[in-house]
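To start, the structure under review is shown below, and the notes come after it.
In what follows, every chain begins at residue 1, and chains take the letters A, B, ... in the order their sequences are listed.
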Number of protein chains: 2
Amino acid sequence: MSKDFPFPETRVLAVAMGRYVGNTMAGFVMQSLGCEVAALNTVQFSNHLGYGQAKGTRATAKEITDLYEGLKESYLDDFDMILSGYLPGAASVEAVGSIARDLKYKHTMKPGSFFWVLDPVMGDNGKLYVAEDVPTAYKGVIKDADLILPNQFEAETLSGVKIVDMDTLKEAITKLHEEYRIPHILITSISLPSPGAEKSLSVIGSTMTSAATPRIFGVKIPAIDCFFSGTGDMFAALILVRLREAVFEIEGLSEIDAWRSEDDVAATDLPLARATEKVLASMHHVLTKTKEKRDEAMGKYHSRVKGRGEEDDEKKFHLVKSKAAEVALVRNLEALKNPDVKFRAENV
Amino acid sequence: MSKDFPFPETRVLAVAMGRYVGNTMAGFVMQSLGCEVAALNTVQFSNHLGYGQAKGTRATAKEITDLYEGLKESYLDDFDMILSGYLPGAASVEAVGSIARDLKYKHTMKPGSFFWVLDPVMGDNGKLYVAEDVPTAYKGVIKDADLILPNQFEAETLSGVKIVDMDTLKEAITKLHEEYRIPHILITSISLPSPGAEKSLSVIGSTMTSAATPRIFGVKIPAIDCFFSGTGDMFAALILVRLREAVFEIEGLSEIDAWRSEDDVAATDLPLARATEKVLASMHHVLTKTKEKRDEAMGKYHSRVKGRGEEDDEKKFHLVKSKAAEVALVRNLEALKNPDVKFRAENV
């Protein structure tokens, strides 16, 4: 370990979508922070689906399984972690579940030596954008995950609890800990009505105790008024690295099953809380820069259209806007590597 | 432009193999050095073919074309450069040729605004490892490339000249400039017999003059006695970035078609020579570190096998050796970013 890489060498299997959004994003973030990444792309599209149109192909569950078998046969399955993101259907969710279980089984004798970060990509703002059988498939595999990263809608879908206030939020988290025994939960965007207050987003996390009770903390960040694409994958990749780092800062914790902190550790002292703070610092910086770049690009677009006296083409406008909102990462790496923590975890 | 990124924002379309070798390598290198990369994977294998076995799928020429059409339809085809690497068959070579021509045509009115780096991956050490119709396909498309990166065998295959000494080397380069009008050529590994001398490798480059005559330079590097995988893709990605950087250091050159230097620029003063020096500095550092890591891993493997009193399993040995020789990149990024130039271009 060195100053630059405050955690041991780490091999990650990243199962997610191709192109910029998905593995290109997640893989790059993890590689930049020092992980060896084997990218298993579940989808190869020309662009992400936010554009409203795309060309490309989806990997079948059999292709996913075959690729993993190929890795195994060449002794390349010595992964320390797996990060799973967007999966195109229930069969692929099950295939990835089997891969993760297989890896987990291999590590049974060495607690803490394998960790699965699962982002149950299913939908947002009350709408499912995957096939209808995907939620059931996820409910079947999440009991093997070590950390899940649902957004509010996905947390509701998995727990069956509609989140409308702090009490229902706690209820949802408690259910996920108790029923599925998921050690770590991070709900990536909670926006509860708070009249009069400035618009903000909260990330809510919890690491369960030995009795499967929650330890809940929250980090509040100012909302940036813009839709960005790729943020979910960036978040997932960053949290994987920062959690590993935070765990290795605590003597012996990396040798405990699922890196679950002792029961006497308070919510705001959890490694998951430390990791979340760092991740949000990086995200906030990169997204602020992206917003500036986006506004500049859109300004140029508007004056170009105006200059030509053209009518605004709604479809083209949407496509140009989508491109302008792609996370501006490669030239803002410093903020990934050395986050300047501003938003702190608080008790909820 | 800033100290960290001494060239303007650059969007690259990278067409090559998936997983660590190929786009994961090339894409990561270019992203780390500040390029926006759209990765169009032509192959998704569990591992590269050096392992002697792999599972996965190849993209058809139609799938490659479709992905590009998808990018176009969403106004995502505003690439400044294209890097093409391993392509699985003649049809994909032709498909990529069409894509590059299409992009080139779009940029006709703005000389220097588009550049194609083509690595004609076909074989090595006298042996073809692609289908027999691939060389003919490459001969049909290289006239549109701005820089090609053949190894000795590939340069022989494309030029039809067997390289045995300095004269035949010059003949091969002259033929590629004259017959195909390829502005820049870099032969990535030349090993000519020189009795008594220490084992070394040379990289030989040339940028043609307005009369299509060669300007040849060479950079000699000490050979590292080990086969590494992924070096070709790493080299290609690095040269793309460093050539762009070297070109932007010279007033006005980036607005000249194919970035071809004035006729009075000497071979050793070419931007291609500057770029090659930087690339080889990075490569040498990373490969030296990889060799150390590899030797350590192989030492551990041998003592483990011995300790168990096992017979050496030849197949397993080959697989373990292949893995140990994967380029150790993610923890040696400093050498990519800030190469310490030791080997200088010389006249040939």
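In this structure, B:His318 NE2 and A:Tyr75 OH are separated by 12.0 Å, a value rounded to the nearest 0.5 Å. If you take CG on A:Leu333 and NZ on B:Lys337, they are separated by 5.5 Å, rounding to the nearest 0.5 Å.
For A:Lys316, the parts lying under 4.5 angstrom from a heavy atom of chain B are both the backbone and the side chain. Contact annotation for A:Glu73: both backbone and side-chain heavy atoms come within less than 4.5 Å of a heavy atom of chain B.
Taking the side chain as every heavy atom from C-beta outward, A:Lys323 and B:Asp78 approach each other to under 4.5 Å.
Within 6.0 Å of atom NZ in A:Lys289, 12 or fewer heavy atoms from other residues, nucleotides or ligands are found, so the atom counts as exposed in its surroundings. Atom NZ of A:Lys315 has 12 or fewer neighbouring heavy atoms from other residues, nucleotides or ligands inside a 6.0 Å radius.
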Start with the C-alpha distance between B:Gln31 and A:Val29, add both sets of side-chain angles, then the distance that settles side-chain contact (heavy atoms from CB on, under 4.5 Å), and finish with yes or no. CA-CA 10 Å; B:Gln31 286 179 306; A:Val29 168; over 6 Å; no
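The two residues B:Leu319 and A:Ser74 have their closest heavy-atom pair at CD2-OG, 3.7 Å.
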